[in-house]
Amino acid sequence: MSVRLNKLTTDRLMKKLQKLPNHLIKKSGKFFKEITPIDTGNARKKTRTVSNTIKAEYPYAGRLDEGWSKQAPKGMSQPTLDEMDEIIEDFVRSL
């Protein structure tokens with residue numbers, strides 16, 4: 001048995017895959033922010049994506065992420081990690 005790859009097709013696919021990291025951080029950052037509990041709006045206002053990092057820059061971020069709010073009983077990090085799996089699957093399926 002032998003398998004032959006079409007170089008042009010493979011190169012095109014690899015070029016598309018290079019867009020995945022930026023796509024992933026943009027979509028997951030947006031998701032994280034959307035599931036951040038809202039009371040006064042401070043937490044969402046101070047949540048941003050910088051480079052490849054989602055930053056929750058407010059003193060009670062840890063408590064919210066531990067499920068302190070009834071609006072996000074599972075916090076934001078684990079649901080975002082779960083969503084990242086979905087984002088990756090959707091991206092790859094779309095190729």
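Computed from a predicted structure; not experimentally measured.
A distance of 7.5 Å separates CD in Gln71 from CG in Asp39, rounded to the nearest 0.5 Å. Here the NZ-OG1 distance, from Lys33 to Thr49, works out to 8.0 Å after rounding to the nearest 0.5 Å.
A ring pair (Phe, Tyr, Trp, His ring centres under 6.0 Å) check over residues 69-88, counting only residues at least two apart or in different chains, returns nothing. Residue pairs that meet the salt bridge (Lys or Arg N to Asp or Glu O under 4.0 Å) test with at least one member in residues 4-14, sequence neighbours left out, are Lys7-Asp11. A ring pair (Phe, Tyr, Trp, His ring centres under 6.0 Å) check over residues 26-57, counting only residues at least two apart or in different chains, returns nothing. Residue pairs meeting the ring pair (Phe, Tyr, Trp, His ring centres under 6.0 Å) criterion with at least one member in residues 35-69, sequence neighbours excluded: Tyr58-Tyr60. Applying the salt bridge (Lys or Arg N to Asp or Glu O under 4.0 Å) test to residues at least two apart or on different chains, none of the pairs has a partner in residues 68-77.
Partners of Glu66 under the salt bridge (charged side-chain N to carboxylate O under 4.0 Å, His left out) rule, at least two apart in sequence or in another chain, do not exist in this structure. Residues forming a side chain to side chain donor-acceptor pair (under 3.5 Å) with Ser77 (at least two apart in sequence, or on another chain): Asp65. Residues passing the side-chain contact (heavy atoms from CB on, under 4.5 Å) test with Thr9, sequence neighbours excluded: Asn6. For Glu57, the side-chain contact (heavy atoms from CB on, under 4.5 Å) partners are Arg48, Lys55, not counting sequence neighbours.
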Indicate every side-chain donor-acceptor pair of residues 80-91 with a distance under 3.5 Å to a residue at least two apart or in another chain.
| from | atom 1 | to | atom 2 | distance (Å) |
| --- | --- | --- | --- | --- |
| Thr80 | OG1 | Met76 | O | 2.7 |
| Asp82 | OD1 | Gln78 | NE2 | 2.9 |
| Glu89 | OE1 | Arg93 | NH2 | 3.1 |
| Asp90 | OD1 | Arg93 | NH1 | 3.0 |

I'd like a table of donor-acceptor pairs (distance under 3.5 Å, sequence neighbours excluded) in which one partner is a side-chain atom from residues 17-29, with atom names and distances.
| from | atom 1 | to | atom 2 | distance (Å) |
| --- | --- | --- | --- | --- |
| Ser28 | OG | Leu24 | O | 2.7 |
| Ser28 | OG | Ile25 | O | 3.4 |

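Between the Arg44 side chain and the Ile38 main chain, no donor and acceptor come within less than 3.5 Å of each other.
Closest approach of Ser69 and Pro37 over heavy atoms only: OG-CB, 3.4 Å. Pairing each heavy atom of Ile35 with each of Gly75, the nearest pair is CD1-O, 4.2 Å.
Taking Ile, Leu, Val, Met, Phe, Trp and Tyr as hydrophobic and joining them when side-chain heavy atoms fall under 4.5 Å apart, one finds Leu8 isolated, its cluster having no other members.
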